[in-house]
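Following: one structure in structure tokens, then a few remarks.
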Amino acid sequence: MFSKILIANRGEIALRIIRACRELGIGTVAIYSEADVNSLHVRFADESICIGPPPSSSSYLSIPNIISAAEVMDVEAIHPGYGFLAENAHFAEVCESCGIRFVGPTPENIRAMGDKIEARKLMKKAGIPVIPGSEGVVKNKEEALSIVKKIGYPVMIKAAAGGGGKGMRIAHNDVSLANAFLTARTEAEASFGNPELYIEKCIQDPRHIEFQILADKFGKIIHLGERECTIQRRYQKLIEESPSSAVDKKLRKKMGDSALRAAKTIKYMSAGTVEFLLDREGHFYFMEMNTRIQVEHSVTEMVTGIDLVKEQIRLAQGDKLRYHQDLIKLNGWAIECRINAEDPENDFLPTPGEINICQFPGGPGIRVDSHIYPSFYIQPFYDSLLAKLIAHGADREEAIARMQRALTEFEISGVKTTIPFHSTVLNNPLFIRGKFSTGFIDRIWSVKAKSEEA
Amino acid sequence: MFSKILIANRGEIALRIIRACRELGIGTVAIYSEADVNSLHVRFADESICIGPPPSSSSYLSIPNIISAAEVMDVEAIHPGYGFLAENAHFAEVCESCGIRFVGPTPENIRAMGDKIEARKLMKKAGIPVIPGSEGVVKNKEEALSIVKKIGYPVMIKAAAGGGGKGMRIAHNDVSLANAFLTARTEAEASFGNPELYIEKCIQDPRHIEFQILADKFGKIIHLGERECTIQRRYQKLIEESPSSAVDKKLRKKMGDSALRAAKTIKYMSAGTVEFLLDREGHFYFMEMNTRIQVEHSVTEMVTGIDLVKEQIRLAQGDKLRYHQDLIKLNGWAIECRINAEDPENDFLPTPGEINICQFPGGPGIRVDSHIYPSFYIQPFYDSLLAKLIAHGADREEAIARMQRALTEFEISGVKTTIPFHSTVLNNPLFIRGKFSTGFIDRIWSVKAKSEEA
Amino acid sequence: MDPKVKEEIENIIDLFKRSNLGEFEIEKEGIRLRLRKDIPAISVESTGTAAKPAIEKETEKSEKTETEEDLIPIKTPMVGTFYQASSPEATPFVEEGDIVEAEQVVCIIEAMKLMNEIKAETRGRIAKILVEDGHPVEYGQTLFLVKAE
Amino acid sequence: MDPKVKEEIENIIDLFKRSNLGEFEIEKEGIRLRLRKDIPAISVESTGTAAKPAIEKETEKSEKTETEEDLIPIKTPMVGTFYQASSPEATPFVEEGDIVEAEQVVCIIEAMKLMNEIKAETRGRIAKILVEDGHPVEYGQTLFLVKAE
């Protein structure tokens, strides 16, 4: 077992990793920027070290400062969490070259899935369905137009280095295609330093279904069933569940097998997620693979009873995977709401500031993963996730009832949060009946906004 | 489904019942004494009504005020929680005679198990092992002495109307027997208005094992496995688990069958608990049956995934029991620590007063059932339970690791609590190895106290 | 600080502590004092989930006027239903403006099918009847305000 | 500040400390005082679980004296290991009492196997060396206190 791990992250995920380490008896080192000196991850870690000023670029993204911190604190491994350096192959390499274990996949794994165009080619070759589209990079709008002639509108323009909805544009006709192509390129260049784009056909009313993977370095690999992350806004996930009301046993087997094949194709090692789009006819398409622990990993933990962060650490140590595919069972139903410091009535603008009251819900089936507390100051430098509220029930109906109940108990004052937004969704009849696609929020929330204006 | 229920209780259990009702879509009425006007159960209920001054005798124990409240608030049922009127057969009768459903067993069920001597006779007749002792009431110390001649020292003197350790005395020889008999009688008279006593042989180093029962009014009855409540202090349970490290599959079947027979013998209906003592050789003896929901019901909920309070309400409505014995499985391991407003360094004296900081633990496998919040005032009128901290893991080792971790995160300031006590127990090697009996706490804690004095 | 002023502030803080108030502000002779208790979970501006007491808390409003006008409350010692008369057809025991004598029955509280007579404690004029006939009352709720005569 | 006023403020703070109040505001004779208690989760007297920073936070202590004595801190702009000399055998770059010139190297911070020279910004006398040779330092930690000359 590792004796000490440095957590190269902040917020709820840093706390999540500290909790896993404590339960495993592993010492923890928190890193923090000057803005985070009063954070819970600093408080609950065994040791802590300031690594830079508030901006992420000089602190949580500063590889030299983080590696130095790991060296002076004498840790054996670094857990990158999600975001920041979690999918930075170079960082994973630097760790290894400094003799520090990176808690995640190999640099090769990260690279293979990091370039979305190459990943798509690899998957197609491995026989995994991909969304119809360009073979590789689309160089200019003329080439884009000729591709669309073949696959038809609407299409999605995506960045090769993409992620998180950046450099992504939809086009419905030749005019919008030309515009969308240029803006997507500018955005991709600005966001990732790589302007390369590719094109895929738009799947109508799709659902976002992803499979959790666990793989050891000996080639053993399993999946832990699916998560549904269809409730999104501008490609940002807001509500996740496991299992999905759109996936039956047969489809789970089929998609799970594809997810395993995707991971095996690149000799994946560690915890990871294979994301698919599922269309109205039950066809599914590979979208991308995330080579990190994800925000929504918790819903899989609730239904499988497996602590994913602990397993991820064990796998990074070189342990054999302790589970077998046929013993994985999904017990009940879990839903997660991301409580963000955003104003849902004002276009989800971030609401930095000081939290006054902060009262968490409790009782049966409720889990809260959060780094906030009364008088916590929400910094403007980082993302707006305040808490993950997770409800687990015997079935979807009970999970929804518990989530509705817990949302009424959850009180945060001082800043606006997405709690009221989640209450609206959780009480929406279509949501309750499991009838939705990725456009659901844009539809119901803009209608709501309009009806309130009227 | 009931449309509205009155909750005839306060504190965490009132909140627990409100949560169940909310998830079932049932309206709730909180009752409160003048001291509890700022309580969370009042806040989270749909409606609330003050029913008396602070002392329980004039509020939470006042049958006329509670029934009047139920009538003016027009409820269909009353949930008594635990304690107060939960095992008061007269109250259950008054409810029924007023056309209000009592969420619990029949008055006959309560009576049958309320008189410990009669219950013991009934069980013996039904073939359930009982602790060797007197046939019925022991009238005087001469009769006591002649019984002890047959069964041998040490013996336990118990009150016929007993419960909660009141009117209970241990005797090791003729001299202490005479004294113990008289004090037990005085205490029984004072506590229950009934001085009747009986005598049982002391089981050496026993473990307290109890079985959760669910029974519908159609005679269907199942058990949900055992809970171990061996970690006690002066007969007050402090830590509970499910399952028990002293019970294997075979013993679970045997004890479970006895528990079912005990409940069937009195035609039990509702949720209930059959308590046994288990000796070092694996023999078990019926102790008593609790005809209510218990504090520690939550650990059974964690491992079975069944919401006991909701089931109890469904059974009170006359629903059929929805579960089958052979489909009941215990998933993983759950442990509960009762966090009390008591000073463990000062003989567990209650510590009423104002809570300042109140920060709950969170993360995977952690459940908190609590009615406290920052600036909550702990009243001196009621019991000292502040929170139930429940940890669930894949096995006992993980559940213990989670509980240890959660205890370090749990912060209550302003008053002393039993949090440090629980940390000590959870880190005790004998506790970790599952090697303990009901004398465990008196042994380790008095040793600790002495070593600190030295 | 002037010891008198200090004492005054201490008194105010003490008062505030024992009160149910969450916040308190006073300005007097050039001194402005603002006090706040952090009872977050029960703040008045709490969201939709907060309990809406079924029984109108008229007490709160009324008790302020009471202090100003030296009004004496008659409270109910039990939970039940408030009746102004002994039967629907009967005339009310008292009406606003009536003079009541000590020990005079002023209303009935029905609790568990029993009719409990509530009596005035001292002589006075009924200034205000705070509960409507047939409405439920909770323990300690003020039923009447009486002006001593 | 007028000592009488200071005493008065001290009295108020004391009062406030002993109270259960969360916030306190007072305005008097042109002085407005606002006190607030909170940040509970990270209060100094927090229980055993609190992180014990591995790196001694000497900065806190020293920065107080600094203000009194006009000391200028030299802080590290990076995380790493503090070395007083260029090699174990070499003499230290500076010792307490030495005069340093602007741009003079005062120590080395090793970070990722690289030796980074840290320089004084202004002329002055080394009043205090706050970190021991070979010890780790975190971002922004004060290494030296310099008295301007």
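First the proteins, then the strands, lettered A, B, ... as listed; each starts at 1.
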What's the shortest heavy-atom distance between C/V137 and B/I49, and which atoms?
-> O-CD1, 4.1 Å

Proximity breakdown for B/V29 and chain C, heavy-atom pairs closer than 4.5 Å = neither

Any side-chain heavy-atom pair of C/Y139 and B/P53 under 4.5 Å | yes

One should read off an interatomic distance between C/E138 CD and B/E47 CD, to the nearest 0.5 angstrom, of 11.5 Å

Which one of B/C98, B/P64, B/A70 has the most heavy-atom pairs closer than 4.5 Å to chain C?
-> B/P64

C/V79 pairs by side chain to side chain contact (heavy atoms under 4.5 Å, CB included) with which of B/I67, B/I66, B/V72, B/I31?
-> B/V72

Chain C: which of B/S68, B/A30, B/C50 shares the most heavy-atom pairs with it under 4.5 Å?
-> B/C50

With a 4.5 Å limit on heavy-atom distance, are the side chains of B/N65 and C/M78 in contact?
-> yes

Over 12 foreign heavy atoms within 6.0 Å of NZ, B/K416 = no

For chain B, which residues of residues 103-123 of chain C have at least one non-hydrogen atom nearer than 4.5 Å to it?
-> C/A111, C/M112, C/K113

Over 12 non-hydrogen atoms of neighbours within 6.0 angstrom of NZ in B/K4 | yes

